[in-house]
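Below is one structure, written out as structure tokens; comments come after it.
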Amino acid sequence: MLRPLIPVISVLALAACGNGSGEGGTGSQASAQAETPAPVQQTVEETASPAAEESPASAVLSLDGADLANGARQYRRCQSCHTLAEGGRHTIGPNLHGVIGAPAAGQSDFAYSPRLRESGLVWDLETLNAWIENPRALVPQNRMSFVGLRNAEDRRDVIAYIAQETGATFDETDE
Ligand code: HEC
């Protein structure tokens, strides 16, 4: 409630001092804020979005700048349990072709854990990221015995690699 008043008060104070010429920029900015709320909101959004991009959590939720060579390296850790090729066999884990965008435990011919079946998850960027970081935290008592990739860039890269290898795309505007 008080915030919009402060610039107005400072404008009045400046006017009272008769020091309008030197501080003209501040004065006109303050009165613009007081009179037209819409540009103020824009300013807030503009300053908010770069800050959001810098936060680690949201940095993960974009494949921008992914290093596919590192993704391939990281994927070796998945390879002992998963195949990626279309029509590839299920091994210890299910074949991962087409997993991006699919509901969790979506393949009828793999014996998933009840927990993963009941999770109701869909494998989008956010859920895959959380799963690869720590499968047990996302779905307790699931059967993927994988400690997780703690490094956000490794996760981004391996997801980008899987997407590339399976021809999948993410609709990132929906995230
Ligand atoms: C030790 C074996 C093992 C490793 C290593 C492993 N997984 Fe898995 N993965 C599994 C098993 C088993 C399941 C099924 C889990 C269940 O049913 O609870 C699974 C499930 C999944 C699913 C869900 C599939 C579906 O159809 O819902 C994804 C996605 C996945 N793994 C990705 C990965 C990725 C990416 C890596 C490497 C970073 C990885 N996994 C490493 C064994 C493994």
Side-chain angles (χ1 to χ4, degrees), residues 3 37-175:
R3 266 184 120 209
V40 176
Q41 264 190 340
Q42 261 179 9
T43 311
V44 169
E45 277 166 27
E46 276 162 22
T47 53
S49 64
E53 274 163 26
E54 276 160 30
S55 82
S58 59
V60 169
L61 300 180
S62 164
L63 299 183
D64 290 352
D67 176 349
L68 290 165
N70 182 48
R73 259 195 314 279
Q74 298 302 325
Y75 183 74
R76 290 197 199 128
R77 306 172 67 169
C78 323
Q79 221 165 11
S80 45
C81 298
H82 291 287
T83 60
L84 206 47
E86 187 170 9
R89 306 190 290 131
H90 303 314
T91 54
I92 296 168
N95 170 254
L96 292 181
H97 193 92
V99 78
I100 288 171
Q107 306 197 59
S108 54
D109 52 349
F110 182 82
Y112 293 98
S113 67
R115 288 307 182 103
L116 192 61
R117 277 185 204 283
E118 291 158 10
S119 69
L121 291 171
V122 171
W123 294 123
D124 59 21
L125 210 43
E126 198 176 341
T127 50
L128 275 173
N129 178 54
W131 176 255
I132 294 169
E133 180 175 20
N134 188 341
R136 289 263 149 89
L138 184 67
V139 183
Q141 295 169 33
N142 79 82
R143 277 196 206 121
M144 173 155 134
S145 321
F146 180 66
V147 63
L149 294 179
R150 291 294 180 262
N151 182 289
E153 290 179 357
D154 288 346
R155 296 197 299 276
R156 175 200 63 193
D157 294 349
V158 80
I159 293 170
Y161 174 78
I162 292 171
Q164 179 200 250
E165 291 298 297
T166 62
T169 52
F170 289 98
D171 187 358
E172 290 186 47
T173 53
D174 276 1
E175 292 296 318

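All values reported here derive from a predicted model rather than from experimental measurement. Counting starts at 1 for both ligands and their atoms, following the listed order. FYI, side chains are in, hydrogens and waters are out, and symmetry mates aren't considered; it's all heavy atoms of this structure.
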Nearest-0.5 Å distance, [atom1] of residue [X] to [atom2] of residue [Y]:
{"X": "Thr91", "Y": "Gln79", "atom1": "OG1", "atom2": "CD", "value": "10.0 Å"}
{"X": "Arg155", "Y": "Trp131", "atom1": "CZ", "atom2": "CH2", "value": "14.5 Å"}
{"X": "Tyr161", "Y": "Cys78", "atom1": "OH", "atom2": "SG", "value": "9.5 Å"}
{"X": "Ile92", "Y": "Phe146", "atom1": "CD1", "atom2": "CZ", "value": "13.0 Å"}

By number and element, which atoms of ligand 1 are closer than 4.0 Å to a non-hydrogen atom of [X]?
{"X": "Pro94", "value": "13 (C), 14 (C), 19 (C), 20 (C), 24 (C)"}
{"X": "Arg77", "value": "5 (C)"}
{"X": "Ala105", "value": "25 (C), 26 (O), 27 (O)"}
{"X": "Ile162", "value": "35 (C)"}
{"X": "Ile92", "value": "12 (C)"}
{"X": "Asn142", "value": "18 (O)"}
{"X": "Ser145", "value": "1 (C)"}
{"X": "Phe146", "value": "5 (C), 38 (C), 41 (C)"}

Heavy-atom distances under 4.0 Å decide this one: backbone, side chain, both or neither, for [X] against ligand 1?
{"X": "Trp131", "value": "side chain"}
{"X": "Leu116", "value": "side chain"}
{"X": "Ser113", "value": "both"}
{"X": "Tyr112", "value": "both"}
{"X": "Val158", "value": "neither"}

Verdict with supporting geometry, Trp123 and Ile159, side chain to side chain contact (heavy atoms under 4.5 Å, CB included): CA-CA 11 Å; Trp123 294 123; Ile159 293 170; over 6 Å; no
Expected output: side-chain Asp157 to main-chain Asp67 donor-acceptor under 3.5 Å: yes
Within-shell test, Leu96 vs ligand 1, heavy atom, strictly < 4.0 Å: yes
Contact check, Leu128 vs ligand 1, heavy-atom distance below 4.0 Å: yes
Neighbour count >12 (heavy atoms, 6.0 Å) for atom CD, Glu86: no
Whether over 12 other heavy atoms sit under 6.0 Å from Arg150 CZ: yes
Leu149 vs Gln74, side chain to side chain contact (heavy atoms under 4.5 Å, CB included): CA-CA, chis, key distance, verdict: CA-CA 9 Å; Leu149 294 179; Gln74 298 302 325; 3.6 Å; yes
Note, His82 side chain near Tyr75 side chain (heavy atom, < 4.5 Å): yes
Within-cut-off N or O pair, Trp123 and ligand 1, under 3.5 Å: yes
Option set Gly71, Pro114, Cys78, criterion heavy-atom distance to atom 35 (C) of ligand 1, minimum: Cys78
Donor-acceptor side-chain pairing of Asn129 and Glu133 below 3.5 angstrom: no
SD (Met144) to atom 8 (Fe) of ligand 1 to NE2 (His82) angle, given to the nearest 10 degrees: 180°
Atom 3 (C) of ligand 1 [closest protein heavy-atom partner, distance rounded to 0.1 Å]: Cys81 SG, 2.7 Å
If you look only at distance, which donor and acceptor atoms sit under 3.5 Å apart when one is on a side chain in residues 102-109 and the other is two or more places apart or in another chain?
unit_1 : atom_1 : unit_2 : atom_2 : d
Gln107 : NE2    : Asn95  : O      : 2.5
Asp109 : OD1    : His90  : NE2    : 2.9

